[in-house]
Protein chains: 2
Amino acid sequence: MKEPTTRQKKILDYIRDFISEHDYPPSIRDIQLGCNVSSTSVVDYNLRALERLGYLRRDREVSRAIELTAAGGKRPRTMAVPIVGQIAAGQPIPVPDTDEFPNPDYSDAIEITEEMTGGREGLFALRVKGVSMIDALINDGDIVVMEPAKTADEGDMVAVWLKEEEEVTLKHFHHEGDKIRLQPANSTMPPIYTAPDNVEIQGKVVCAIRPMR
Amino acid sequence: MKEPTTRQKKILDYIRDFISEHDYPPSIRDIQLGCNVSSTSVVDYNLRALERLGYLRRDREVSRAIELTAAGGKRPRTMAVPIVGQIAAGQPIPVPDTDEFPNPDYSDAIEITEEMTGGREGLFALRVKGVSMIDALINDGDIVVMEPAKTADEGDMVAVWLKEEEEVTLKHFHHEGDKIRLQPANSTMPPIYTAPDNVEIQGKVVCAIRPMR
DNA sequence: TAGTTAATGGAACGCTTGTTCGAATTAAGT
DNA sequence: ACTTAATTCGAACAAGCGTTCCATTAACTA
């Protein structure tokens, strides 16, 4: 792709900054002033060039209808993941009813970039209570983002409810013969071997986040 | 806070959807058409009400200058944190030269919501190499977001370079008498006691993120 | 040197859009 | 029933704003 000129780069940066600050795009005359361009027609000229190069999109005849594309540095999309409850060793995790979406109105939520979610839908988050997940390298207060799931692929990190032990745990999921091997993320810790009908997969772990207070 | 009326809720939803679709806010007449309102003045009237209620902000006399606030469902702000290198036990962490900002043009970056950064500036991120940070409950491949710092407050989790041992470690920082106590996040692990002139603080850990492949 | 294309300036035109005003309608309170 | 406030309407005004046209300058090519 052909590179934008110095002036076009400047305009692109200005649009980026303007949107970041105002949450709405600049007008042509805003750009004119902000980039020391002498005429609106020059701005229009360069915007057309940038549009042709694929850095932005415009709705003609509509004021401020400038939309930056990915190449132009579009703001990444995020999604609000509701924090639906806690996860602790002694109780199954609360999996939200997907029918209730999209208006669960939970008290708290966390924003995750699409980069993290990988486009997955229906995610929910749990706040870790206690240090029982320490072998998954997950601490008290951490937040785990989960995807509802009943089954898992080899190696997925999942939240499983162990029926016999009556506890939930976060482990990497593996088949091993006619048993299930649940491997802690901390590879120095020993795995758990158990029968398939003792494990109930409650969700896949999408990512874990540890905010420092 | 007083609740918006049915019509105002409808307008709010319309604005949200419009921005989500177009990446720029609607004009008053867009809202008029989209919400089946008979007059632009009614839209203006209700926008004023919504503004007074704190659901949005407007720049007067500027077209499409509608900005949704948090209450109104504003898209959260994010910042791109450059991944400037790796963190491993055997080498000091690469702290970026803050003078180079804001155009380091690193190959990779991670988007963090302002909710995480707490408004902090100049952050950088490191990819963890190896399992040497396991006592900080941080695994191989995790990403730690850091804030440049030469000093730390009690309890902060910091990246410290231990001169004598010639290694970097992530610990909670505490003063204890004339010594420094470096406490692992995993409270079952023993702390390190060392002399103040043996520790060189390289940055504060803002948060840790573990994407699942 | 002449000719072509890219880039810039300046100005004016006309649609877009926020604003305002008076009046009508409805809701709420006394 | 009367008053007052809250909403809605329709219309018109004025500033905002994208567009267009023409002239000018610079860079490149034949």
Side-chain angles (χ1 to χ4, degrees), chain A residues 1-19 21-69 72, chain B residues 1-69 72 74:
Chain A
M1 186 194 289
K2 213 177 150 201
E3 278 297 296
T5 66
T6 310
R7 168 164 278 180
Q8 283 161 11
K9 276 194 196 127
K10 193 173 174 185
I11 290 177
L12 215 48
D13 280 339
Y14 180 80
I15 296 173
R16 240 192 300 272
D17 291 347
F18 191 100
I19 293 178
E21 185 170 348
H22 296 86
D23 264 26
Y24 53 81
S27 69
I28 284 188
R29 282 174 178 80
D30 287 332
I31 299 172
Q32 182 191 2
L33 285 170
C35 297
N36 289 314
V37 180
S38 56
S39 170
T40 57
S41 63
V42 177
V43 177
D44 182 66
Y45 175 84
N46 285 290
L47 285 181
R48 283 168 192 270
L50 284 169
E51 193 177 12
R52 188 159 30 80
L53 292 175
Y55 286 91
L56 49 86
R57 231 169 311 138
R58 289 205 296 165
D59 280 6
R60 295 309 187 75
E61 315 254 341
V62 177
S63 73
R64 297 176 186 274
I66 299 174
E67 189 180 343
L68 293 178
T69 62
Chain B
M1 186 194 289
K2 215 175 147 201
E3 278 296 297
T5 66
T6 309
R7 170 163 276 180
Q8 283 161 12
K9 276 195 196 124
K10 192 172 174 186
I11 290 177
L12 215 47
D13 280 339
Y14 180 79
I15 295 173
R16 241 193 297 273
D17 291 348
F18 191 101
I19 292 178
S20 171
E21 185 170 347
H22 296 87
D23 264 24
Y24 54 82
S27 69
I28 284 190
R29 282 174 179 81
D30 288 332
I31 299 172
Q32 182 192 2
L33 285 170
C35 297
N36 289 316
V37 179
S38 56
S39 170
T40 58
S41 61
V42 177
V43 177
D44 182 67
Y45 175 85
N46 286 291
L47 284 181
R48 282 169 195 269
L50 285 170
E51 192 177 13
R52 188 160 29 78
L53 293 175
Y55 286 90
L56 49 84
R57 232 169 310 141
R58 290 206 294 166
D59 280 5
R60 294 309 186 75
E61 316 254 340
V62 176
S63 75
R64 297 175 187 273
I66 298 175
E67 190 178 343
L68 293 178
T69 62
K74 172 178 181 168

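Here is the naming used below: chain letters follow the sequence lines, and residue numbers restart at 1 for every chain. All values below come from the heavy atoms of this structure, side chains included, with hydrogens, waters and symmetry mates left out.
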Rounded to the nearest angstrom, tell me the gap between atom CD in B:Q32 and atom C1' in C:dT16.
-> 13 Å

Is any side-chain N or O of A:N46 closer than 4.0 Å to OP1 or OP2 of C:dT8?
-> yes

For B:D30, all residues meeting side-chain hydrogen bond (donor to acceptor under 3.5 Å, both in side chains), sequence neighbours excluded | B:S27, B:R64

In whole angstroms, how far is the P atom of C:dG10 from the OH atom of A:Y45?
-> 17 Å

Taking CD1 from A:I31 and C1' from C:dT8, how many angstroms apart are they, rounded to a whole number?
-> 16 Å

Tell me: CD1 of A:I11 to P of C:dA7, nearest whole Å?
-> 12 Å

Any A:L56 side-chain heavy atom under 4.5 Å of A:L12 side chain = yes

How does protein reach along nucleotides 18-28 of chain C, written 5' to 3' as B (base within reach of a heavy atom under 4.0 Å), S (only sugar-phosphate), or - (no contact)?
-> BBBB-------

For the residue pair A:Y14 and A:F18, does the interplanar ring angle fall in the parallel (under 30°), tilted (30 to 60°) or perpendicular (over 60°) class?
-> tilted

Atom pairs under 3.5 Å: protein N/O with N/O of nucleotides 3-5 of chain D:
none

Quick one: side-chain hydrogen bond (donor to acceptor under 3.5 Å, both in side chains) partners of B:Y24, sequence neighbours excluded?
-> A:D59

Pairs in or reaching into residues 35-44 of chain B: which pass salt bridge (charged side-chain N to carboxylate O under 4.0 Å, His left out), with residues at least two apart or in two chains?
-> B:D44-B:R48, B:D44-B:R58

Charged N to carboxylate O below 4.0 Å: is that the case for B:K10 and B:D13?
-> no

Please list, chain by chain and in numerical order, all residues satisfying side-chain hydrogen bond (donor to acceptor under 3.5 Å, both in side chains) with A:S39, sequence neighbours excluded.
-> A:S41

Rounded to the nearest Å, what distance is computed from the NZ atom of residue A:K10 to the C1' atom of nucleotide C:dT8?
-> 14 Å

Nearest-angstrom distance from the residue atom CG of A:D30 to P of C:dT17 = 15 Å

